[in-house]
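See structure below.
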Amino acid sequence: IELMPENPQYRMSRGDVYACMNEVEKSLEDYNTAINLDAGNDLYYYKRGNLYQFLEKNNLALTDYLKAIRLNAYASDYYCARGDIYYQMGEYGMALQDYKQAIDLDPTDANVYVCRANLYIDTEQYENALEDYNKAIEIDDSNPLFYTNRANVLQHLGRKNEAVND
C-alpha cells in the first residue's frame, strides 16, 4: 500500500486481513477507501456489507448489498447475503425471494439451500425444509451438519426411523 496507495484492490485485501484479525475499524477504513477509489466495484460493497452484517448493522449491510447487486446482478452470493439479513430481520418473504434468486443464479451452491431450509424450519414448513436439505446433500454429501439438520426435520415430520439413519 505504501508503494501504490491509490490501488483499491490492495485496500480491499488489507481490509480482509483486518477483518480476519477482528480489527473492524481498520477493516472498515480500508473498505471505505477502496470504495472511494473505485465506486464501481461490486465486490467492495459486498465485503463492506459482510462487515456490517458481522457488526449487526443490518440497514447498512442491506444498503451495501443492494449497491453490489445493482453493479452485478449475477453474483449469487450477494443475494444470499442479503437474504440472510432479511431473514435475521424477520422479513421472510424478502429472504425467500433472495434465496430463490441465488439458487436460480447458482443451483450448485449447497449453502443457499441450507439457508432457505433454515428459514423453512423457522416458519414450520418442514416438507420444504426437507426438500432443501435433500438438495444440499445431493450437491455436497460430505457435510455432516446437513445430515444432522435433515434428521431434525425428519423428527418434526414424525419420521423418526429415517432420522435415526442420518
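Everything quoted here is computed from the prediction, not taken from an experiment.
Considering R48, R82, K47 as possible partners of D64, the one that fulfils the salt bridge (charged side-chain N to carboxylate O under 4.0 Å, His left out) test is R48.
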Given T123 and L119, is the side-chain contact (heavy atoms from CB on, under 4.5 Å) satisfied, shown in steps?
CA-CA 6 Å; T123 57; L119 188 151; 4.2 Å; yes
In sequence, state the C-alpha distance, the side-chain angles, and the governing distance for L62 and Y86, and then conclude on side-chain contact (heavy atoms from CB on, under 4.5 Å).
CA-CA 8 Å; L62 279 176; Y86 283 134; 3.9 Å; yes
Quick one, D109 with I103, criterion side-chain contact (heavy atoms from CB on, under 4.5 Å). Give me CA distance, side-chain angles, the key distance, then yes/no.
CA-CA 7 Å; D109 186 347; I103 289 168; over 6 Å; no
Walk me through whether L130 and L157 qualify under side-chain contact (heavy atoms from CB on, under 4.5 Å).
CA-CA 9 Å; L130 180 60; L157 292 170; 3.9 Å; yes
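Going from atom CG of D141 over to atom CZ of F146 covers 10.0 Å, rounded to the nearest 0.5 Å. Between atom CZ of residue R14 and atom CD of residue Q9 there is a gap of 13.5 Å, rounded to the nearest 0.5 Å. To the nearest 0.5 Å, atoms NZ (K67) and OG1 (T63) are separated by 11.0 Å. Rounded to the nearest 0.5 Å, atoms CG (D106) and OG (S76) are 4.5 Å apart. Taken to the nearest 0.5 Å, the CG atom of D98 stands 9.5 Å off from the CG atom of D84. The CD1 atom of I35 sits 9.0 Å away from the CG atom of N41 when rounded to the nearest 0.5 Å.
Of all the heavy atoms in S142 and P144, the pair that sits closest is O-CD, 3.2 Å. Between A61 and I85, the shortest heavy-atom distance links the atoms CB-CD1, 3.9 Å. The two residues A81 and N50 come nearest to each other via the heavy atoms CB-OD1, 4.3 Å. Closest approach of P5 to L37, counting heavy atoms only: O-CD1, 3.9 Å. Taking each heavy atom of A163 and Q155 in turn, the nearest pair found is CB-CG, 3.7 Å.
In this structure, the side chains of T148 and D166 stay at 4.5 Å or more apart for every pair of heavy atoms. Looking at R150 and E162, their side chains never come closer than 4.5 Å, going by heavy atoms from C-beta outward. A 4.5 Å side-chain heavy-atom check between N128 and D132 finds every atom pair outside the cut-off.
Classification of the Y87-Y99 ring pair by plane angle, with boundaries at 30° and 60°, yields perpendicular.
Clustering ILVMFWY residues whenever any of their side-chain heavy atoms sit less than 4.5 angstrom apart, transitively, puts L71 in the very cluster that holds Y74. In this structure, L51 is not a member of the same hydrophobic cluster as L66, with clusters built from ILVMFWY side-chain heavy atoms closer than 4.5 Å. Under a hydrophobic clustering in which Ile, Leu, Val, Met, Phe, Trp and Tyr are joined whenever their side-chain heavy atoms come within less than 4.5 Å, directly or via other members, Y92 and V153 fall into different clusters. Cluster annotation: Y52 and M89 are assigned to the same hydrophobic cluster (Ile/Leu/Val/Met/Phe/Trp/Tyr, side-chain heavy-atom contacts under 4.5 Å, transitive). If you chain together hydrophobic residues whose side chains sit under 4.5 Å apart, Y18 and L55 never meet in one group.
Ring centroid separation for the pair Y46 and Y78 comes in under the 6.0 Å cut-off.
A donor-acceptor contact under 3.5 angstrom links the side chains of D16 and Y31, judged on distance only. Between the side chains of Y44 and N32, not a single donor N or O lies within less than 3.5 Å of an accepting N or O.
Within 6.0 Å of OH in Y10 there are 12 or fewer heavy atoms belonging to other residues, nucleotides or ligands.
With sequence neighbours excluded, the residues that form a side chain to side chain contact (heavy atoms under 4.5 Å, CB included) with I139 are A110, Y113, K135.
Members clustered with V164: none, using a 4.5 Å side-chain heavy-atom cutoff among hydrophobic residues.
Checked by atom type and distance alone, the side chain of T33 pairs as donor or acceptor with a backbone atom of E29 at under 3.5 Å. A donor-acceptor pair under 3.5 Å links the side-chain atoms of Y79 to the main chain of A73, judged by distance alone. When atom types are taken as modelled, the side chain of Y120 and the backbone of E131 share no donor-acceptor pair closer than 3.5 angstrom.
With salt bridges taken as basic N to acidic carboxylate O contacts below 4.0 Å, none links K26 and D30.
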